[in-house]
Amino acid sequence: MKVGQSTLLDMMAQPNTQFVIPAYQRRYAWQERQCQELWLDVLRAGRRDEGHFSGTILYEEQPAEVGRRLSIVDGQQRMTTVMLMLVALRNYLEKHPEASLDDLAPKRVESDFLASGARLADAYAAVHAGGEAASGAGASGGAAPAPVPAAGVIPKLQLSRLDATSMAAAVQGAPADSIPSRNVSHNLAYFESLMDEDGFDVAQFERGLKNLNVVMAQIGPEDDAQAVFESLNSKGLKLNIGDMVRNYLLASESHDEQARLYVEYWTVIEGVFDPDPGLLKLDTMIKAWLSVRFTKVRARTPEDVYSAFKRYYDDEYAGDLEPVLNELRSFAMIWAENYRYHAVKKFRSMPWAKNGAQTLTSGYGLKKADNEEYAERVRQELRAMGREL
């Protein structure tokens, strides 16, 4: 296996190259939630003007009469979604020529990222003609030919047979509402709507796209493509919310600062829930904290919670890291002592907020909070209950 690093745009801009989704792969399945997360990642990478790792592209090279033909074993959802972003960007720049950039003028977006080269287009047309000639065999019981796009621009990314014509229509400029595949149509319309909003910064968006980094892993003849795919997607223990939040907050700090913050804050945050198999109580605490602090977002699944946390910390919160850790530590202490009573309204009236403006009722005192003997007895009872669960 050959492994290398590249930006996603550099990979997609390879000349006379077509990317093909194998027929056995699932259809394009990303919906608005996943598209929103990728959109925000692009904007953050553009705002900071720094690289953002967007995953691994696993591929194998197939024989081709003209150019290169790369079969995408893993990474098709991200590639397809970025392709739809680029279609939306081309459409936006055509409507707003004053916003065109040297690197991403409409024609360059199309020629570099959306359309196959002229030599490939000619070869594709020849295959298309052969497919039409063979269509009668498909009707009489043979294998039906894969759908092919109408004459015109040939898409650089060829989706599996059920979505191929939809991607071709998008690349050729068809309106989103005329595209048959629901996810292709809906997600293209979604990106177009975001670009039409007031305040869309096309230069920031361009920087973000350029900063999407990927690991390119080429499967060789000696590799088992399915085994590699399974290793990337199904093996190992998934990180929980607490793990992802901790890593996200501390990863950009220096080694010494990571150690200090971990000992001073995160060991306390985890420790108050001990024993906590699977960090279930910690994950629930983070979800509750978000529901109070970031009220306009409702997060249900672990993926939703982590996405909402990143949105709050990166896009809403304007302060430093340590106040957030301080606030999480304070909230964790109160949550641990009241974890059997998880009505969120109750936690709005407790004095835990350390981060910026207070969101809670001020001057509220816990019952008998000044009685340390009573408080210690309650803590011991709660710990005992935790051990019994």
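Between the side chain of Thr17 and the backbone N or O of Pro15 there is at least one donor-acceptor pair closer than 3.5 Å. Formation of a donor-acceptor pair under 3.5 Å by the Gln204 side chain with backbone atoms of Leu43 is found in this model. Side-chain N or O atoms of Ser111 include one that pairs as donor or acceptor with a backbone N or O of Lys107 at under 3.5 Å.
A salt bridge is absent between Glu61 and Arg69; no separation between the charged side-chain nitrogens and carboxylate oxygens falls under 4.0 Å. Using a 4.0 Å cut-off between charged nitrogen and carboxylate oxygen, Arg48 and Asp314 count as a salt-bridge pair. Here Glu322 pairs with Arg260 in a salt bridge; the nearest charged N to carboxylate O distance falls below 4.0 Å. A salt bridge between Asp112 and Lys156 is absent, with no side-chain N of the basic residue lying under 4.0 Å from a carboxylate O of the acidic one. Between Arg33 and Glu37 there is no salt bridge, since no side-chain N of the basic residue sits under 4.0 Å from a carboxylate O of the acidic one. Salt-bridge annotation for Arg47 and Asp315: present, with a side-chain N of the basic residue lying under 4.0 Å from a carboxylate O of the acidic one.
Side-chain contact check for Trp30 versus Asn183: every heavy-atom pair is 4.5 Å or farther apart.
When only modelled atom types and interatomic distance are considered, Asp10 and Thr7 share a side-chain donor-acceptor pair under 3.5 Å. Residues His186 and Gln31 bring no donor and acceptor atom of their side chains to less than 3.5 Å of each other. For the 3.5 Å distance criterion, the side chains of Tyr28 and Thr81 qualify, holding a donor opposite an acceptor.
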